[in-house]
Amino acid sequence: MIYTGSHLSASKGYLSMGKKALELGENTFAFFTRNPRGGKARKIEQQDVDALLKLENENGFGKLVAHAPYTMNLCSGKENVAAFSANMLRDDMQRMEFTPGNYYNFHPGSHVGQGAEKGIEMIADALNDAMFEGQQTIVLLETMSGKGSEVGRNFQELREIIDRVNIKDKIGVCFDTCHVWDGGYDIVNHLDDVLTEFDKVIGLDRLCAVHFNDSKNDLGARKDRHEKLGEGKIGLEALRRVALHPVLQDKPFILETPNDDAGYAAEIKLMNSWF
Ligand code: FE
Ligand code: FE
Ligand code: ZN
């Protein structure tokens, strides 16, 4: 871990997020590309973007980890939802190029009874439709807890999506500690085994970013409820081992813990104290 950040509000634009990140002691951050519940996108001001890029440069920021809205479900059984989602993805791919070379993370989707196989197919089709030759953004599939009919509940399902994606050098995975734990991967007692499994099924070269969260639930609960570092069922010792693990060293670690600014600043400070 070298790059640490948290999820920040995008409501005041790019430069404002960069300043907030600095204020909290961060050198990367996450943000929603558009309204997470609705999907409306704000206009991108080139000046604002340029000011952020300058701030990032001057302060040695790592890659940012943008997050797609929650309303995006590329494998919805409802045709209008799937189409709306595919449109958002296409638009987000274009918008991300304003801040070139960063990560764009999204929840693969929920197949809502159509079956994982069908879901995987729809997700890959939407990706192939939206991604384009020469894009500088790397798209990340997030590891999911398997709540409801979520696709991406295990490494195998993510692998099957990746296998179908055409532009192979622009697709990766974001490893969410809360989600993998809730999904049944024991990162508390068998972290090495979990990462070995990831390597076998997907390949560690595709593990690009970490969502760093504790969990309110037990191993395999398939619930997805984040907790503050050290206050959940994963616990501080295990999280520390994740942060210090050799194969995860140069990745951005993004907090999505239930915190206010002061809480995030304290967790960033704690993470940095481990090095
Ligand atoms: Fe997420
Ligand atoms: Fe996450
Ligand atoms: Zn989550």
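In listed order, ligands and their atoms are each counted from 1. What you see is a predicted model; the values in this text were computed from it and never measured. In what follows, residues are counted from 1 in the order of the sequence shown. What you see below is based on every heavy atom in this structure, not just the backbone, and it leaves out hydrogens, waters and symmetry mates.
Ring centroid separation for the pair His7 and Tyr264 does not come in under the 6.0 Å cut-off.
Under the 30°/60° scheme for interplanar angles, the aromatic rings of Phe155 and Tyr185 are found to lie parallel. Using bins of under 30°, 30° to 60° and over 60° for the plane-to-plane angle, the ring pair His67/Tyr70 lands in the perpendicular bin.
Between Lys54 and Asp50 no salt bridge is recorded (no basic side-chain N to carboxylate O distance below 4.0 Å).
For the Fe ion (ligand 2), the nearby protein N/O/S atoms, meaning those under 2.8 Å, are Glu142 OE2, Asp176 OD2, His211 ND1, Glu256 OE1.
Here the options are Leu140, Thr143, Leu204, Ile161, the test is side chain to side chain contact (heavy atoms under 4.5 Å, CB included), and the partner is Val173; only Thr143 passes.
You'll find the side chain of Arg153 stays beyond 4.5 Å of the side chain of Ser145, heavy atoms only.
The backbone N or O of Leu229 lies less than 3.5 Å from a partner atom in the side chain of Glu267, making a donor-acceptor pair.
Other residues, nucleotides and ligands contribute more than 12 heavy atoms inside 6.0 Å of the CD atom of Glu58.
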Legend entry - Worked verdict on Arg164 versus Glu117 for salt bridge (Lys or Arg N to Asp or Glu O under 4.0 Å): CA-CA 12 Å; Arg164 289 172 163 82; Glu117 219 25 62; 3.2 Å; yes
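The count of protein N, O or S atoms under 2.8 Å from the Zn ion (ligand 3) stands at 3, with waters excluded from the count.
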